[in-house]
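The structure appears below as structure tokens.
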Protein chains: 2
Amino acid sequence: MKSTPKAVNLAKDIPYAARSCHTNPSVSCGDCRLGELCLPIALDSSEILRLDEIVKRGRALNKGDFLYREGEEFKSIFAIRSGSFKTFKTTHEGAEQVTGLFLPGEIMGMDGIGSNKHSGSAVALETGSFCEIPFHLLEELSTRIPSLQGRFFRLMGQEIVKDQQMLTLVSSNAAEERVASLLLSISKRNHRRKLSATHFRLPMTRAEIGSYLGVTLETVSRIFSRLQKQNVVKVDNKEIELVDIQALKRIAKVHED
Amino acid sequence: MKSTPKAVNLAKDIPYAARSCHTNPSVSCGDCRLGELCLPIALDSSEILRLDEIVKRGRALNKGDFLYREGEEFKSIFAIRSGSFKTFKTTHEGAEQVTGLFLPGEIMGMDGIGSNKHSGSAVALETGSFCEIPFHLLEELSTRIPSLQGRFFRLMGQEIVKDQQMLTLVSSNAAEERVASLLLSISKRNHRRKLSATHFRLPMTRAEIGSYLGVTLETVSRIFSRLQKQNVVKVDNKEIELVDIQALKRIAKVHED
DNA sequence: CGATAAGTTGAACTGGCTCAAGTCATGTGG
DNA sequence: CCACATGACTTGAGCCAGTTCAACTTATCG
């Protein structure tokens with residue numbers, strides 16, 4: 001069964017500059033420069049075409065728009081194309097507990113796979129776009145493309161490890177270590193996307209960061225001020241510069257990398 | 001392609017009492033009474049036979065024995081047959097951070113799928129046994145049995161949700177809520193296995209519980225004493241009786257179930 | 001039975017929280 | 001395009017839940 005050449009032709013008709021821009025909503029998986037972070041990695045070109053057929057590409061969202069809501073039926077997973085997103089749950093007391101930060105190339109929505117219901121909500125932190133992949137189609141395609149199944153198993157495995165790292169961070173480390181770790185995490189993920197590892201804009205507010213890290217917003221603010229006083233980072237509201245990454249790693253108690 | 005009848009014959013030759021006992025190491029997946037919690041659920045009987053062929057069944061371990069170690073190559077996932085296990089990581093400072101508690105019917109080792117290396121270690125908390133499922137065989141079989149693929153996706157999804165719940169618990173709740181939640185979690189899991197939901201033995205020490213919940217062992221001890229004084233639980237060392245589950249749920253701030 | 005690990009309880013200390021009062025950024029409507 | 005409202009952020013002061021340290025009791029097991 002040959003796949004339709006539609007996506008290829010489309011890509012061929014678009015000038016290269018536009019094609020290579022991942023913010024262009026019509027760019028297909030094979031041409032998306034986030035492909036190497038996202039699902040297509042580990043697939044050969046004919047497989048990517050088949051994946052392309054089930055992907056709903058490039059829908060746009062504004063800040064505050066929901067990708068899905070807690071309790072909603074799980075239908076799709078979402079690949080972030082541009083912008084940034086957070087996931088959160090609403091606690092018994094009605095407070096918001098941030099459970100994840102997602103940047104371009106990362107996959108959201110896997111929290112719905114286990115029970116067919118999303119266990120949390122996902123909203124855009126700024127203007128952004130994403131690809132939607134209906135899960136039943138992905139499952140079906142995965143039985144026919146073993147490397148896709150393997151890729152997705154691995155992706156879910158990484159999500160598990162990521163969540164456990166977060167758990168370890170929050171349950172055993174001091175507030176300063178948690179903040180330092182978050183900064184290093186964002187830095188590393190930017191680096192993977194060929195963006196600056198030392199200058200970036202925090203997509204979350206102090207309150208969101210605090211919720212994510214299990215501290216209050218005041219503590220986050222105080223830690224930023226302290227790290228700035230120690231010349232480890234420069235903080236200008238949401239604009240961050242990592243001045244001394246080694247010192248930051250020491251504070252985060254990270255030795256590897 | 002018919003599967004070998006070996007496992008079936010084996011089961012047929014064993015008296016029912018032995019067959020139905022999940023601690024009997026030779027019981028096959030189709031006869032294991034943990035099957036409904038474990039991988040076989042969602043498979044029909046011929047599919048279970050094919051699964052049976054790749055499962056290494058019923059190996060036994062003593063307290064303190066390792067199932068796998070942090071950093072080790074990932075080869076298999078493990079289904080707990082009897083006993084209880086913990087997973088943990090060793091932090092930079094050499095301290096042990098408990099990341100999970102596993103009871104019969106539950107699957108361990110999924111932390112290795114993402115990177116082909118186990119991100120933590122797993123040890124037996126008491127005498128126990130398990131089934132080992134080589135992951136490459138499971139993957140291969142999953143491409144041929146869609147319902148097995150689906151089952152495993154769902155299992156990984158549940159692991160993700162479980163880890164996120166733990167994160168939420170640790171990052172937003174008071175120590176007493178965390179302890180209460182752990183007791184309720186064990187109670188619920190016992191209930192699923194048709195064991196007492198109100199009387200059980202804690203498989204972990206106070207130090208392990210504390211590490212898992214992100215508090216000190218002294219705090220765990222004090223909370224047990226306090227809950228006992230309030231007639232919510234009865235604590236006799238590791239032996240626990242849940243006296244007033246409703247009160248415990250109120251303390252844990254759980255409203256559903 | 002004795003050694004060692006596990007658990008309890010008390011007392012003092014402290015990191016992060018709460019509450020409060022302010023400044024700064026952002027964006028919306030007049 | 002400015003003014004003003006609202007949300008985001010900072011900083012200070014006092015407080016408290018949980019930690020730390022310590023002394024002791026109780027289990028467990030070779």
Side-chain angles (χ1 to χ4, degrees), chain A residues 62-64 86 91 93 95-98 123 125-127 169-183 201-230 233-240 251 253, chain B residues 62-65 86 91 93 95-98 123-127 169-183 201-230 233-240 251 253:
Chain A
N62 293 317
K63 180 175 177 171
K86 71 173 172 185
T91 66
E93 287 94 3
E96 169 183 315
Q97 166 67 46
V98 175
V123 306
L125 292 167
E126 59 194 304
T127 303
L169 182 70
V170 166
S171 79
S172 70
N173 299 142
E176 200 175 50
E177 296 174 45
R178 303 183 203 177
V179 172
S181 293
L182 178 64
L183 294 178
R201 189 178 173 77
L202 285 173
M204 296 198 285
T205 65
R206 302 291 188 262
E208 287 164 335
I209 294 170
S211 169
Y212 191 34
L213 299 178
V215 295
T216 58
L217 68 95
E218 292 93 333
T219 297
V220 175
S221 178
R222 276 185 252 269
I223 286 170
F224 279 152
S225 300
R226 201 190 310 159
L227 290 178
Q228 173 152 261
K229 206 167 291 171
Q230 295 167 196
V233 301
K234 238 191 124 296
V235 183
D236 175 17
N237 208 354
K238 288 187 168 151
E239 223 58 58
I240 299 286
I251 290 167
K253 305 244 175 82
Chain B
N62 293 316
K63 179 174 177 172
D65 288 349
K86 71 173 173 185
T91 65
E93 286 93 2
E96 168 184 315
Q97 166 68 44
V98 175
V123 305
L125 292 167
E126 59 193 305
T127 303
L169 183 70
V170 166
S171 78
S172 70
N173 298 141
E176 200 175 48
E177 297 173 45
R178 301 183 206 179
V179 172
S181 293
L182 178 63
L183 293 178
R201 189 180 174 78
L202 285 174
M204 296 197 286
T205 65
R206 303 289 188 264
E208 287 164 335
I209 294 170
S211 168
Y212 190 32
L213 300 178
V215 295
T216 59
L217 67 96
E218 291 93 334
T219 297
V220 175
S221 178
R222 277 186 251 268
I223 287 171
F224 279 152
S225 301
R226 201 190 309 160
L227 291 178
Q228 173 152 262
K229 205 167 290 170
Q230 296 167 199
V233 301
K234 235 192 126 297
V235 183
D236 175 18
N237 208 350
K238 286 186 171 153
E239 223 57 57
I240 299 284
I251 290 167
K253 306 242 175 85

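All heavy atoms count here, side chains included; hydrogens, waters and symmetry mates do not. Quantities reported herein were computed from a predicted structural model and do not represent experimental measurements.
- Base contact: T219(B) has a heavy atom under 4.0 Å from a base atom.
- As a whole-Å value, the separation of E126(B) CD from dA5(C) P is 20 Å.
- The minimum heavy-atom distance linking V220(A) with R206(A) is given by the pair CG1-CD, 3.8 Å.
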Query raised in the report: What is the per-nucleotide protein-contact pattern of nucleotides 22-27 of chain C, from the 5' end, where B denotes a base atom under 4.0 Å from a protein heavy atom, S denotes such proximity for sugar-phosphate atoms only, and - denotes neither?
Result: ---S--
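- Of the candidate nucleotides dA8(D), dG16(C), dG18(D), dG18(D) has the atom nearest to the side chain of A175(B).
- Between L217(B) atom CG and dT20(D) atom P there is a gap of 10 Å when expressed in whole angstrom units.
- Below the 3.5 angstrom threshold, one finds no donor paired with an acceptor across the side chain of R222(B) and the base of dG7(C).
- L202(B) has its CG atom 15 Å from the C1' atom of dA27(D), to the nearest Å.
- Between the CG atom of L213(B) and the P atom of dT19(D) there is a distance of 11 Å, rounded to whole Å.
- Residues E96(A) and S211(A) have side chains that never bring a donor and an acceptor to within less than 3.5 angstrom of each other.
- With sequence neighbours left out, the salt bridge (charged side-chain N to carboxylate O under 4.0 Å, His left out) criterion links E218(A) to no other residue.
- Counting to the nearest Å, the P atom of dC9(D) and the CE atom of M204(A) are 11 Å from each other.
- The shortest side-chain heavy-atom distance between R178(A) and V215(A) falls under the 4.5 Å cut-off.
- Not one side-chain nitrogen or oxygen of K238(B) sits closer than 4.0 Å to the OP1 or OP2 atom of dT28(D).
- Taking atom CZ on R226(A) and atom C1' on dT10(D), their separation rounds to 14 Å, with Å as the unit.
- Phosphate proximity of dC17(C) to T216(A): present, with a side-chain N or O under 4.0 Å from OP1 or OP2.
- When side chains are defined from C-beta on, I209(B) does not count as touching V98(B), because their heavy atoms never get closer than 4.5 Å.
- Contact check, R206(B) against dT8(C): a side-chain N or O comes under 4.0 Å of OP1 or OP2.
- Under the rule for a salt bridge (charged side-chain N to carboxylate O under 4.0 Å, His left out), E126(B) has no partner lying at least two apart in sequence or in another chain.
- Between the side chain of Q228(B) and the main chain of V235(B), a donor-acceptor pair closer than 3.5 Å is present.
- Mapping E176(B) and E218(B) onto DNA chain D by nearest heavy atom places E176(B) closer to the 5' end of the strand.
- OP1 or OP2 of dT11(D) sits under 4.0 Å from a side-chain N or O of S225(A).
- One interatomic measurement links the two molecules: CD1 of I223(A) to P of dG16(C), which rounds to 6 Å at whole-angstrom precision.
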